[in-house]
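Working notes, beginning with the structure itself.
Each ligand, and each atom within it, is numbered from 1 in the order the structure gives.
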Amino acid sequence: MRDSRLPSSPGFWRSPLRGPWFTSVLGVVLLGGITVLFVTGLVSYAAYNPGLSPVNDQTPGKGLLGFYLFAWPTNPHWLYRFTQGVHVTLGITLIPVLLAKLWSVVPKLFALPPARSLAHALERLSLLLLVGGALFEFVTGVLNIQLDYIFPGSFYPLHFYGAWVFFAAFLAHTVLKLPVAVRTLRDRRGEKDERDDLTSPRPGRPTLSRRGALRLVGGGSLLLFVTTVGQSLGGALRSTALLAPHGGSDPGSGPGGFQINKTAAYAGIDAKETTDDAWRLVVTGRTGAVRLSRADLLKMDLHSSALPIACVEGWSTDDQWWRGVRLRDLAALVGYDDPPDLLVESLQRRGGFRRAALRADQVADSRSLLALFANGEDLTPDHGHPARVIVPAAPGVLNTKWVARMTFGDL
Ligand SMILES: Nc1nc2c(c(=O)[nH]1)N[C@H]1C(S)=C(S)[C@@H](COP(=O)(O)O)O[C@H]1N2
Ligand SMILES: [Mo]
């Protein structure tokens, strides 16, 4: 057992960097960071209108875990741009910290005997959930923003349930370890830890101080931060988002020159169906259904609003100038002075997000439009010509493109 060639022996682990101080610093950073990730993640789920089932989510209530769900507001209009930008940018920035933290405690993974007591067995089990949960959440998150939708089923439920498992283990771990971490940091023992189960009993020669190692981790985080954050900040900084999947790509210039998620070609939109002659919008409500041509829509009151597109993947656009018909005017057209919920369906037949449901307060907001124009010109095919929905503060996925049908009524 004491054979230092085996990872179960403390002597196997020689790095002089390991020790309570190093682990505590990283732990305290993660305590703050992961709490923010958890909160911004939960609100992102609420913003998705899961309650409007089964359109937006197949398992809308999330049982007990949905206790906190609330109606996502429409103000300020950049709300989701902010919360989801923080969620994704912070998640990416924390990757080096997480990896360093796991590295700093890895000897414990191999420690024998597997359990010294029932309490010790329970503690190790909770660590399995903690480490497994952390890896699961970071890996699924990164895959989602890299547009690799390889999950069995939807990303949302996986990342959501995973977050609760992870956060429960994280809370238990915090309760157990925070007092020790605070004591360690307060004692400022920095470079000279006493013997404990993190410090190597026969450390190798240091090539880097602990503070130096922390600076390295911080430098890695900073590098990830500056190559990611541009996708949410916009303006001239957008081109610095080298790491972001859409960041480096140039969305072009002119009125349609802002980020495109799924192109018309990807969505299988047939240009013949979107001409003024062919395209009709079917609006259904209390008084029945009406079919509107683009010319009919242009005869209605047109309004403008400056709103961004903000995707769950973390990227967002600056405010764009949209012009079109207010959703609440369309509701009034089919018998609702007081707008109800709205189901929007796209012409699109394959891939992507073909329909989305909006809540009554989103429909009622005077900035919510069925947009026909962006930045003074007809919508481009990729941005949803002939008509798309745009709603303040909402996730991009609710801004359905290539709209064909709108059904008003309580969902
Ligand atoms: N019909 C349809 N509408 C859609 C999508 C789609 O795949 N199909 N993607 C949504 C998502 S996830 C986002 S972020 C926005 C992106 O809009 P943009 O491509 O104009 O930037 O469109 C939304 N509307
Ligand atoms: Mo999106």
Residues forming a ring-ring contact (aromatic ring centres under 6.0 Å, His included) with Y48, sequence neighbours excluded
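Listed in chain order: Y156.
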Can you list everything that forms a ring-ring contact (aromatic ring centres under 6.0 Å, His included) with Y80? Sequence neighbours excluded, please.
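Partners of Y80 under the ring-ring contact (aromatic ring centres under 6.0 Å, His included) test: none.
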Taking the six-membered ring for Trp, are Y45 and F160 parallel (under 30°), tilted (30 to 60°) or perpendicular (over 60°)?
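Judged by the thresholds at 30° and 60°, the geometry between Y45 and F160 is tilted.
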For the pair F22 and W103, name the ring-plane relationship: parallel under 30°, tilted 30 to 60°, perpendicular over 60°.
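Aromatic pair F22/W103 classed perpendicular.
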Salt bridge (charged side-chain N to carboxylate O under 4.0 Å, His left out) contacts in which one or both residues fall within residues 100-110, not counting sequence neighbours:
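Those involving residues 100-110 are K108-D197.
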Working for side chain to side chain donor-acceptor pair (under 3.5 Å), residues R81 and S316
CA-CA 6 Å; R81 189 178 181 202; S316 53; 2.8 Å; yes
So if I only count non-hydrogen atoms and take anything under 4.0 Å from ligand 1, which residues does that give, chain by chain?
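The 4.0 Å shell around ligand 1 contains Q259, I260, N261, K262, I309, C311, W315, S346, Q348, G352, F353, H383, R388, G396, V397, N399, T400, K401, W402.
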